[in-house]
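Before I ask anything, let me first share the structure, which is written out below as structure tokens.
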Amino acid sequence: MTRGDGNARDRRRDERQSAPKGSGEAGRARAQGGRQQDRDGAGRSQAAGRRSAGGRAEAGGRDRDERRGSAGRRSAAGRSDRSSGGRTAPRQGAKSAGRPHRGESADPPRAVARDVLRAVRERDAYANLVLPALLRERGLSGRDAALATELAYGACRSLGLLDAVIAAGAGRPIEEIDGPLLDVLRLGVYQLLRTRIGAHAAVDTSVALTRAEFGAGKAGFVNAVLRRAGEKTPEQWVDALAPADPVGRLAFEYAHPVWIAQAFADALGARATELRDVLAADDARPLVHLVARPGDISAEELALVTGGEEGRWSPYAVYLEGGDPGKLEPVRAGMAAVQDEGSQLVALALLNAALDGPDTGRWLDLCAGPGGKAALLGAIAAIDGFRVDAVEPAAHRAELVRKAVHDLPVDVHVADGRASGLTPGYDRILVDAPCTGLGALRRRPEARWRRTPADVRELVVLQRELLTAAWELVRPGGVVLYSTCSPHLPETVSIVADAVRRLGAEELDTRELLPGVTDVGDGPGAQLWPHRHGTDAMFLAALRKPR
Ligand SMILES: C[S@@+](CC[C@H](N)C(=O)[O-])C[C@H]1O[C@@H](n2cnc3c(N)ncnc32)[C@H](O)[C@@H]1O
């Protein structure tokens with residue numbers, strides 16, 4: 001199966017021929033989604049059921065502990081046991097997994113997790129790039145890979161909470177602890193507080209990792225701090241260390257910086273009682289979302305081929321439980337790609353917006369890298385006989401766009417969207433603006449600890465300028481769709497309100513551009529949420545230029 005040959009090519013050609021050139025009907029009919037009944041029916045309940053069965057990947061850890069005897073038996077009791085009281089403190093210098101020689105590790109999954117934490121701390125690496133490379137390099141697969149993944153990603157997500165407990169246990173600020181020891185402590189405290197791994201296994205393995213690398217003295221320090229961390233249940237640590245105010249307490253409990261939890265609460269507005277659900281959704285393992293490229297393969301076919309489930313909202317979405325999507329034949333053939341369903345909805349909303357006047361087929365993606373939405377727009381443009389321009393200033397990201405759209409009617413321009421040099425007159429423009437990414441924290445383990453409010457101040461200036469540039473490029477009667485993968489109000493409704501006031505834009509009811517999607521707010525903008533929709537927290541607002 002290769003993209004563009006056989007049935008797929010025929011189907012695309014047929015669709016082009018059956019759609020009157022320039023009408024845009026075929027593509028937009030697809031954008032509206034022909035599977036509404038499906039989406040409202042079985043697909044939804046199955047997806048919901050599977051999601052609730054998800055949660056933390058604890059199986060790998062539990063299995064390991066069960067193989068280890070007493071620690072495993074304790075772990076089988078799980079977190080609920082611990083919440084009812086204290087735990088047996090591990091013995092000082094307890095026997096560990098085989099006393100490896102200095103520098104060696106008898107525990108490859110934990111060594112990988114530790115090395116991911118080290119890369120994130122020392123060189124600002126991205127955990128989701130470092131981990132797959134390390135797993136490959138060290139030949140880990142199956143349960144070992146699952147355990148390494150759970151520990152590395154889980155600890156990265158929980159850094160703030162872990163550090164508060166470590167500082168309390170060590171009796172000193174974490175800045176005064178050697179970095180490599182801090183990595184092992186984070187790994188240990190994460191296992192103690194946020195997994196079902198038993199206390200003895202969590203402490204012993206951390207001590208063994210330390211001893212193997214640094215010798216007995218430092219191993220004693222790690223043992224002492226972890227013993228203290230293990231003296232309280234997670235709930236007791238929250239009671240002891242969390243701020244008293246409700247948002248601060250929830251932020252601590254769900255390991256988010258307070259300013260981010262407050263940003264979510266502000267965006268939820270009257271429904272701020274959902275804050276706990278939003279924060280919890282950031283820690284849940286997200287399903288993999290695929291997009292079935294229009295004209296190449298249907299979502300139904302893709303679900304059949306991959307063993308996935310058709311999506312709830314986008315007619316092109318398929319959900320997978322996990323695995324490496326890059327190994328799937330339709331993905332390798334370019335007929336499908338990884339793309340959050342919320343991102344698919346953003347691209348489709350642009351096409352669903354009513355223009356004042358005909359669609360002449362000039363579409364623009366002003367912030368295109370790495371090309372997910374440009375590829376979806378391009379695939380629909382191909383069916384309609386239309387063209388897309390895609391702008392991206394970062395050369396390496398522009399290259400990713402080129403790869404994503406290589407056989408589609410998309411022209412990639414390496415340029416700053418604020419001064420692209422493109423000729424005005426576009427019918428539809430997408431401004432998928434650079435943003436804090438607070439709506440996609442579940443997919444980027446350490447991101448919540450990297451972002452700061454100062455980032456917001458810089459980004460809102462850029463967002464405002466990009467929207468202004470788009471306004472200059474759209475024709476009278478055309479539509480600009482502004483979107484962010486962040487629900488933070490200064491990046492969303494404030495930017496749009498400013499554009500309406502400054503530019504005289506007509507704001508459309510964006511909710512109507514998301515057929516079948518419920519619960520996206522009071523309008524006119526629309527806000528998706530992981531806990532409500534299973535998507536990233538994408539914001540979108542459609543603006544039409546008066547004639
Ligand atoms: C949220 S991402 C876009 C995601 C993309 N639409 C997709 O679906 O794959 C924002 C992109 O804007 C780019 N960007 C940053 N500054 C920009 C500028 N001045 N003009 C245009 N794009 C910019 C970033 O490099 C990044 O690739």
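Order of listing sets the numbers, starting from 1, for every ligand and every atom in it.
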Which option, Glu465, Glu392, Met538, His396, owns the non-hydrogen atom nearest atom 24 (C) of ligand 1?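 Minimum heavy-atom distance to atom 24 (C) of ligand 1 goes to Glu392.
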
Could you identify the single nearest non-hydrogen protein atom to atom 10 (C) of ligand 1 and state the distance to 0.1 Å?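 Ranked first by proximity to atom 10 (C) of ligand 1 is Asp432 O, 3.5 Å.
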
Flag, side chain of Arg547 to backbone of Asp356, donor-acceptor distance under 3.5 Å: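 Side chain of Arg547 to backbone of Asp356, a donor-acceptor pair under 3.5 Å: yes, one is there.
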
Between Tyr126 and Arg444, is any side-chain donor less than 3.5 angstrom from a side-chain acceptor?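 No, no side-chain donor-acceptor contact under 3.5 Å.
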
Take Arg362 and Thr423 through the test side chain to side chain donor-acceptor pair (under 3.5 Å) and record every step on the way to the result. CA-CA 11 Å; Arg362 281 195 76 207; Thr423 309; 5.1 Å; no

Candidates Glu310, Glu309, His289, Glu341 - the one meeting side-chain hydrogen bond (donor to acceptor under 3.5 Å, both in side chains) with Tyr319: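 Considering Glu310, Glu309, His289, Glu341, a side-chain hydrogen bond (donor to acceptor under 3.5 Å, both in side chains) with Tyr319 is found only for Glu341.
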
Only heavy atoms of Arg418, strictly under 4.0 Å: list the atoms of ligand 1 that pass.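 Selected atoms, number and element: 19 (N).
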
Looking at Asp519 and Arg271, is any side-chain nitrogen of the basic one under 4.0 Å from a carboxylate oxygen of the acidic one?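 Between Asp519 and Arg271 there is a salt bridge, with a charged N closer than 4.0 Å to a carboxylate O.
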
In the protein, what heavy atom is nearest to atom 22 (N) of ligand 1, and what distance, to one decimal place, separates them?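 The closest one turns out to be Pro393 CD, 3.2 Å.
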
Pairs of nitrogen or oxygen atoms closer than 3.5 Å, one from Ala433 and one from ligand 1: do any exist?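 In fact, backbone or side chain, Ala433 has no N or O that close.
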
Is Gly417 in polar range of ligand 1, meaning some N or O pair under 3.5 Å apart?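 Yes, since at least one N or O of Gly417 sits under 3.5 Å from an N or O of ligand 1.
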
Going by atom types alone, do Glu491 and Thr436 pair a side-chain donor with an acceptor below 3.5 Å?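 Looking only at side-chain atoms, Thr436 and Glu491 do form a donor-acceptor pair, the distance falling under 3.5 Å.
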
Salt bridge Arg443-Asp536, side-chain N to carboxylate O under 4.0 Å: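 Result for this pair is yes, salt bridge flagged.
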
List ligand 1 atoms under 4.0 Å from Asp416, heavy atoms only on the residue side.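 Listed by number with element, the hits are 18 (C), 19 (N), 20 (N).
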
Under 4.0 Å, counting heavy atoms only: does Leu462 come that close to any atom of ligand 1?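 The answer is yes, since Leu462 has a heavy atom less than 4.0 Å from ligand 1.
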
Salt bridge or not for Arg157 and Asp282, using N-O below 4.0 Å?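 Salt bridge flag = no for Asp282 with Arg157.
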
Taking only non-hydrogen atoms of Pro370, do any sit less than 4.0 angstrom from ligand 1?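 It does; at least one heavy atom falls under 4.0 Å.
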
Top protein contact for atom 12 (O) of ligand 1, by heavy-atom distance: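 Ranked first by proximity to atom 12 (O) of ligand 1 is Cys367 CB, 3.4 Å.
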
Which part of Gln339 is near ligand 1, with near meaning a heavy atom under 4.0 Å away: side chain, backbone, both or neither?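 Gln339 to ligand 1: no contact under 4.0 Å from either part.
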
Do Arg475 and Thr360 have side-chain N/O donor and acceptor atoms under 3.5 Å apart?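 The criterion, which ignores hydrogens and geometry beyond distance, is not satisfied for Thr360 and Arg475.
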
Per-atom contacts of ligand 1 with Leu366, taking only distances under 4.0 Å to non-hydrogen atoms: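 Reading through ligand 1 atom by atom, the close ones are 21 (C), 22 (N).
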
Atoms of ligand 1 less than 4.0 Å from Pro434 heavy atoms?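 Counting atoms of ligand 1 from 1, those under 4.0 Å from Pro434 are 10 (C), 12 (O), 14 (N), 15 (C), 16 (N).
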
In Å and rounded to the nearest 0.5 Å, what is the NE2 to CG distance from His256 to Asp283?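 Separation between the atoms: 6.0 Å.
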
Ligand 1 and Gly369, any nitrogen or oxygen pair closer than 3.5 angstrom?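 Yes, since at least one N or O of Gly369 sits under 3.5 Å from an N or O of ligand 1.
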
Is Lys373 close to ligand 1, meaning an N/O of one under 3.5 Å from an N/O of the other?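 Between Lys373 and ligand 1, an N or O pair is found under 3.5 Å apart.
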
Nearest protein heavy atom to atom 9 (O) of ligand 1, by residue and atom, and its distance?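 The protein heavy atom lying closest is Gly372 N, 2.9 Å.
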
Is the shortest distance from a heavy atom of Gly371 to ligand 1 less than 4.0 Å?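 Yes; Gly371 lies near enough to ligand 1 that a heavy-atom distance drops under 4.0 Å.
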
If the cut-off is 4.0 Å to any non-hydrogen atom of Ala368, which atoms of ligand 1 fall inside it?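 In order of number, 5 (C), 6 (N), 7 (C), 9 (O).
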
Give a yes or no answer on whether the side chain of Arg532 reaches the backbone of Thr518 with a donor-acceptor pair at less than 3.5 Å.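 Between the backbone of Thr518 and the side chain of Arg532 there is no qualifying donor-acceptor contact (under 3.5 Å).
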
